[in-house]
Protein chains: 2
Amino acid sequence: MSINPNISNLRHEILGVSVSLFAEAGYSGVSMRDIAKSVGVTPAALYYHFPDKQTLYVETVRFALDRNENQIEKALATDGTPEERFMRFIKGYILLIHDDPDFRRLVQREILDTNAERQELLFQTALKKEYCSLIEIVSQIAPSVNAHVMAVTVITSVLYHFEMAPIKRMASAQLEEPLPITIAEHLGQILLYGLKGNEGQNTNENSQTET
Amino acid sequence: MSINPNISNLRHEILGVSVSLFAEAGYSGVSMRDIAKSVGVTPAALYYHFPDKQTLYVETVRFALDRNENQIEKALATDGTPEERFMRFIKGYILLIHDDPDFRRLVQREILDTNAERQELLFQTALKKEYCSLIEIVSQIAPSVNAHVMAVTVITSVLYHFEMAPIKRMASAQLEEPLPITIAEHLGQILLYGLKGNEGQNTNENSQTET
DNA sequence: GTCTATATATGGATAGAC
DNA sequence: GTCTATCCATATATAGAC
């Protein structure tokens with residue numbers, strides 16, 4: 001949405017290439033020379049568009065967030081029943097996270113990052129909305145469930161699901177990876193039943209199955 | 001503890017320091033100088049114990065895995081009902097992942113890593129056992145649930161839960177972080193009910209089960 | 001086994017030509 | 001706006017003294 005046609009093409013090309021490279025190797029795993037080479041310019045050209053590597057990196061993260069903003073908005077739409085919103089969130093995010101692996105990995109790297117300032121940027125601009133929406137939805141569906149644990153469970157489940165694909169293949173060699181929408185439906189059902197099952201028994205002093 | 005007293009103390013000290021540093025900043029974010037400085041020796045001393053940085057890194061990952069082997073074995077014990085095993089897995093892993101944040105972050109970095117060889121090492125020595133155990137347990141509890149989706153959901157939920165702590169704090173400022181055992185109980189209930197709720201869908205007669 | 005000293009490569013960043 | 005050329009800090013790794 002915020003793409004201004006007046007702004008140089010090279011700037012956008014740099015950002016697009018940077019998303020891939022930083023997603024693949026992380027901030028310190030990519031040099032300005034790597035980026036310049038991938039774009040097909042000299043390192044000096046990068047410094048015309050960005051004052052330093054740190055700034056280029058932050059702009060890269062913003063760029064990756066921006067290009068998924070529409071999808072994110074759709075997944076967070078507030079119409080429908082809480083159950084519908086819950087499933088829409090999971091489907092929307094699984095698709096988003098599946099379709100843009102560079103975005104997914106960049107977000108995962110940012111979460112691992114210890115730079116407080118950059119983490120603040122990511123959490124404020126990306127994850128906070130999702131988290132608060134989930135808290136709201138979950139509280140409506142099942143007030144007695146710990147909404148924080150549930151929200152975190154949903155976010156981690158969608159955000160990291162596809163990173164486990166290699167394990168699936170190793171455990172059952174000729175397993176064909178299901179379509180993302182199929183995964184979303186299974187995941188949504190599991191988590192939705194998890195919510196409702198807990199709601200069934202509100203007072204849990206001995207909350208586990210009898211042994 | 002599998003620490004062999006015959007092996008040099010410095011080697012172990014290097015590995016211990018390396019776990020922290022690599023967990024914090026990743027492979028390319030840590031230099032041999034950084035490690036040497038943290039240990040209190042010169043870089044040359046590192047090269048007496050390890051041929052190069054790559055090898056030191058791989059040994060560091062092994063070291064971090066080894067020091068948690070006992071806990072992992074306990075969490076994977078095969079006695080008890082499937083439901084008991086399921087809860088034991090979640091409790092054991094949440095505790096392990098909570099108590100050794102360096103191990104947790106190192107594993108997360110390895111999962112993000114694109115080096116196929118190193119990923120194979122991690123998946124074979126650490127994650128495969130967990131994954132296969134979960135597939136087995138889940139199939140016993142709820143044969144009609146997609147066991148792969150469920151196993152991946154459980155692993156991602158425990159492995160990444162604590163990385164979302166900053167978000168929790170941002171969303172509700174004075175929220176006190178609950179004890180790991182409390183988190184494990186909530187998470188276990190949600191996921192166990194998710195399993196059973198889905199199972200109820202097909203064969204609707206067992207609301208109360210085994211002894 | 002650990003140090004000093006150093007070879008050699010690669011990193012971020014800038015000046016000035018065009 | 002992009003390039004050539006280069007500065008300078010930092011990186012991995014090794015040789016040889018002790």
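What's counted below: heavy atoms across the whole structure, side chains too, no hydrogens, waters or symmetry copies. Naming convention: chains lettered A, B, ... in sequence-line order (proteins, then strands); numbering from 1 in each chain.
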List, with names and distances, any nitrogen or oxygen atoms from the protein found under 3.5 Å away from nitrogen or oxygen atoms belonging to nucleotides 10-14 of chain D.
unit_1 : atom_1 : unit_2  : atom_2 : d
D:dA11 : N7     : B:Arg33 : NH2    : 3.2
D:dT12 : OP1    : B:Met32 : N      : 3.4
D:dT12 : OP1    : B:Lys53 : NZ     : 3.0
D:dT12 : OP2    : B:Met32 : N      : 2.8
D:dT12 : O4     : B:Arg33 : NH2    : 3.2
D:dA13 : OP2    : B:Tyr47 : OH     : 3.2
D:dA13 : OP2    : B:Lys53 : N      : 2.9

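- Qualifying salt bridge (Lys or Arg N to Asp or Glu O under 4.0 Å) partners for B:Glu59, counting only residues two or more places apart in sequence or in other chains: B:Arg11, B:Arg62.
- In this view, B:Asp100 and B:Arg67 satisfy the salt bridge (Lys or Arg N to Asp or Glu O under 4.0 Å) rule, not counting sequence neighbours.
- Residues satisfying the ring pair (Phe, Tyr, Trp, His ring centres under 6.0 Å) criterion with A:Phe103, sequence neighbours excluded, are absent altogether.
- In summary, contact between chain B and DNA chain C, defined as any nucleotide atom under 4.0 Å from a heavy atom of the protein, begins and ends at C:dG1 to C:dT4 in the 5' to 3' direction.
- Listed by chain and number, the residues in a ring pair (Phe, Tyr, Trp, His ring centres under 6.0 Å) with A:His161 amount to none (sequence neighbours excluded).
- Applying the salt bridge (Lys or Arg N to Asp or Glu O under 4.0 Å) criterion to B:Arg169, with sequence neighbours excluded, gives no partner residue.
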Secondary-structure notation, DNA chain D, from Watson-Crick and G-U pairs under 3.5 angstrom (| other strand): ||||||||||.|||||||

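- Listed by chain and number, the residues in a salt bridge (Lys or Arg N to Asp or Glu O under 4.0 Å) with A:Lys74 amount to none (sequence neighbours excluded).
- Among residues two or more places apart in sequence or in another chain, the ring pair (Phe, Tyr, Trp, His ring centres under 6.0 Å) test is passed with A:His49 by none.
- Pairs engaging residues 133-142 of chain A under the side-chain hydrogen bond (donor to acceptor under 3.5 Å, both in side chains) rule: A:Arg85-A:Glu136 [sequence neighbours left out].
- For A:Tyr27, the ring pair (Phe, Tyr, Trp, His ring centres under 6.0 Å) partners at least two apart in sequence or on another chain are A:Tyr57.
- Using a 4.0 Å cut-off between charged nitrogen and carboxylate oxygen, B:Glu73 and B:Lys129 count as a salt-bridge pair.
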